Amino acid sequence: MSVRVRYAPSPTGLQHIGGVRTALFNYFFARSEGGKFILRIEDTDQVRYSDESLQDLYDTFKWLGIEWDEGPDKGGDCGPYVQSERFEMYKEYAEKLVEEGKAYYCYCTPARLDKLREEQQKDKKSQQGYDRHCRDLTAEQRAEYENQGIKPVIRFKIPLDGMVVFHDELLGDVKRKTRDINPDPVLLKSDGFPTYHLANIIDDHHMNITHILRAQEWLPSGPLHILLYKAFEWEPPLYCHLPMVMGKDGQKLSKRHGSTSLRDFIAQGYLPEAIINYVSLIGWSYDDSREFFTKEELEELFTITKLNKAPGVFDYKKLDWFNGQYIRKLSDDELKAKIIPYLAEAGCLENPPAPGQSELINGLIPIVKERLKLLSDIVPMTAFLFQDISGYEAEELIPKKQDAASTKEILQLGRPLIEKVGELDDEQLEEAFKVLSEESGYKLGDLLAPLRVAVTGSRVSPPLFASIRLLGLDKAVRRIDLAINKL
RNA sequence: GUCUCCUUCGUCUAGUGGUUAGGACACCGGGUUUUCAUCCCGGCAACAGGGGUUCAACUCCCCUAGGAGAUGCCA
């Protein structure tokens with residue numbers, strides 16, 4: 001049977017790194033096996049559901065360039081691919097389980113459950129979880145609850161004794177005593193919606209899913225799922241629990257570690273190539289040295305056998321490095337197109353840029369390309385071209401071991417040479433400054449540093465002469481004069 | 001508390017009984033360079049601990065410790 005895998009997010013928040021990695025691994029696995037990758041929306045949590053999350057899901061994967069073979073927007077033979085549209089089905093299956101004595105109605109109120117949990121918290125030694133209060137209700141007791149108008153949930157009867165074993169492609173055989181499984185989990189909520197466990201099993205079965213690649217946080221519910229497959233007399237799929245993605249402190253990656261939503265990464269100017277490449281290397285590797293992979297290569301090379309069992313820490317710095325690498329691989333035109341929105345948003349230019357602005361960007365790309373880690377870096381890096389920079393402190397102008405007077409002299413000495421920026425090329429200018437350095441006794445660095453600050457407002461900038469050409473000679477000279485007056 | 005999973009440089013990892021334990025990021029030095037960055041060269045740095053098995057353990061087994069996850073009418 002050919003491979004069918006799915007990504008089954010619940011639209012209750014923005015797509016985050018962990019989820020995306022799970023999706024990617026599923027996608028790569030499907031492609032590498034010549035199988036199908038399916039998207040299913042698990043919108044059974046009506047309380048936390050949001051349209052924005054759903055839109056974010058589509059936006060994110062469009063940006064990544066990942067397409068599913070079947071899904072709500074694509075169609076397919078196993079639809080609908082949205083759980084809320086399969087509502088009736090879950091109820092029928094849950095009730096079937098009740099009829100067969102494998103599940104039961106539970107009338108316990110949330111208040112009772114809260115109280116129970118509270119008591120168990122106090123007495124840590126007691127068994128945690130539901131106390132199976134309604135597991136063996138008589139018909140009379142049930143009728144009474146019904147008369148009170150209580151809407152029941154349906155709970156699954158976890159066998160009181162026995163052992164569940166299932167095979168994980170990565171972890172091997174996972175064994176668990178049934179008494180260690182969360183006692184009688186809810187299958188159908190009182191609002192008639194299924195819980196994750198129920199809907200997941202039913203859909204995976206009906207969608208002919210062959211492999212479940214999901215994060216290891218799901219491992220504890222594996223035995224429950226196996227039990228459910230058994231209850232329905234269905235063949236369970238093959239499991240593979242992926243190592244989790246952690247923050248620097250070793251805990252599950254979350255917002256307090258930094259950006260986690262793809263939306264944030266996109267806004268900061270990460271490239272999809274970098275994200276895909278980096279994320280694929282958390283918990284997976286190819287060999288002892290190769291680490292650059294395109295999406296297409298991963299579609300071919302990915303394999304479960306190279307997965308790692310241990311959780312991996314998300315390293316923002318390495319992602320940044322990858323991003324810089326991929327920015328440098330962009331053509332000038334590609335980089336230009338990606339950078340314009342950032343400059344436009346900062347108010348530096350219009351989008352699309354006016355003709356003169358377009359020229360300016362063309363000139364700016366080559367000097368900025370090897371300096372960018374994030375696309376958004378373009379704004380602070382080139383702001384001096386678009387904005388007034390006169391706000392810097394006079395102190396900034398003065399190189400180490402120089403003072404205001406000597407710096408003033410340096411600027412006055414350098415000014416005439418700067419005026420030749422239009423006629424001379426970089427090499428000639430440099431030569432001219434070297435000559436000046438010898439004649440004046442000032443070090444080359446001390447000569448150029450004040451000019452750099454005068455022109456760009458900062459000690460760190462793109463190459464000076466190129467920057468001046470982009471800025472315009474007139475403006476540059478005016479800024480130098482302004483600097484001289486500051487001292 | 002209970003259950004389960006995990007454990008090689010700070011981080012991501014290679015390694016499947018015999019290796020000077022390899023690579024990358026980060027970090028530190030040096031070179032190129034008008035600053036920064038790029039690029040190049042070099043360095044630092046790891047098999048959690050203890051028992052076995054074996055002629056031989058990072059590799060296999062057990063224990064301990066540490067970490068993580070789960071323990072919901074959330075997924």
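Side chains are part of it too, since the values below use all heavy atoms of this structure and drop only hydrogens, waters and symmetry mates. Note on naming: letters A, B, ... go to the chains in the order of the sequence lines (proteins, then strands), and numbering restarts at 1 for each one. Predicted model only: the values in this text are computed from it and were never measured.
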Below 3.5 Å, can you tabulate the donor-acceptor pairs from side chains in residues 450-462 of chain A to any protein atom, sequence neighbours excluded?
unit_1, atom_1, unit_2, atom_2, d
Arg452(A), NH1, Ser461(A), OG, 2.8
Arg452(A), NH1, Pro462(A), O, 3.3
Thr456(A), OG1, Arg452(A), O, 2.7
Thr456(A), OG1, Ser458(A), N, 3.2
Thr456(A), OG1, Ser458(A), O, 3.0
Ser458(A), OG, Val460(A), N, 3.0
Ser458(A), OG, Val460(A), O, 2.9
Arg459(A), NE, Glu396(A), O, 3.1
Arg459(A), NH2, Glu395(A), O, 3.4
Arg459(A), NH2, Glu396(A), O, 3.2
Arg459(A), NH2, Ile398(A), O, 3.4

How is Lys306(A) classified with respect to the nucleic acid when contacts are heavy atoms under 4.0 Å: base, sugar-phosphate, or nothing? sugar-phosphate

Residue pairs meeting salt bridge (Lys or Arg N to Asp or Glu O under 4.0 Å), one or both in residues 156-167 of chain A, sequence neighbours left out, come to none

Show me the pairs that pass salt bridge (Lys or Arg N to Asp or Glu O under 4.0 Å) and involve residues 194-206 of chain A, at least two apart or across chains. Arg6(A)-Asp204(A), Arg40(A)-Asp203(A), Arg40(A)-Asp204(A), Arg86(A)-Asp203(A)

Among [range], which ones have heavy-atom contacts with RNA chain B below 4.0 Å?
range: residues 15-25 of chain A; result: none
range: residues 322-329 of chain A; result: Gln325(A), Arg328(A)
range: residues 407-416 of chain A; result: none
range: residues 156-169 of chain A; result: none

Got a sec, which residues hit ring-ring contact (aromatic ring centres under 6.0 Å, His included) with His167(A), two or more places apart in sequence or on another chain? none

Side chain to side chain donor-acceptor pair (under 3.5 Å) partners of [X], counting only residues at least two apart:
X: Tyr104(A); result: Asp184(A)
X: Tyr81(A); result: Glu70(A)
X: Glu409(A); result: Tyr442(A)

As its Watson-Crick or G-U partner within any shown strand, both distances under 3.5 Å, U53(B) has none

Tell me which donor-acceptor pairs under 3.5 Å the side chains of residues 217-225 of chain A have, and how far apart each pair is, sequence neighbours excluded?
unit_1, atom_1, unit_2, atom_2, d
Glu217(A), OE1, Lys252(A), NZ, 2.9
Ser221(A), OG, Trp218(A), O, 2.9
His225(A), ND1, Arg214(A), NH2, 2.8
His225(A), NE2, His197(A), ND1, 2.8

Ignoring backbone atoms, test whether Lys248(A) places a side-chain nitrogen or oxygen under 4.0 Å from the OP1 or OP2 oxygen of G67(B). no

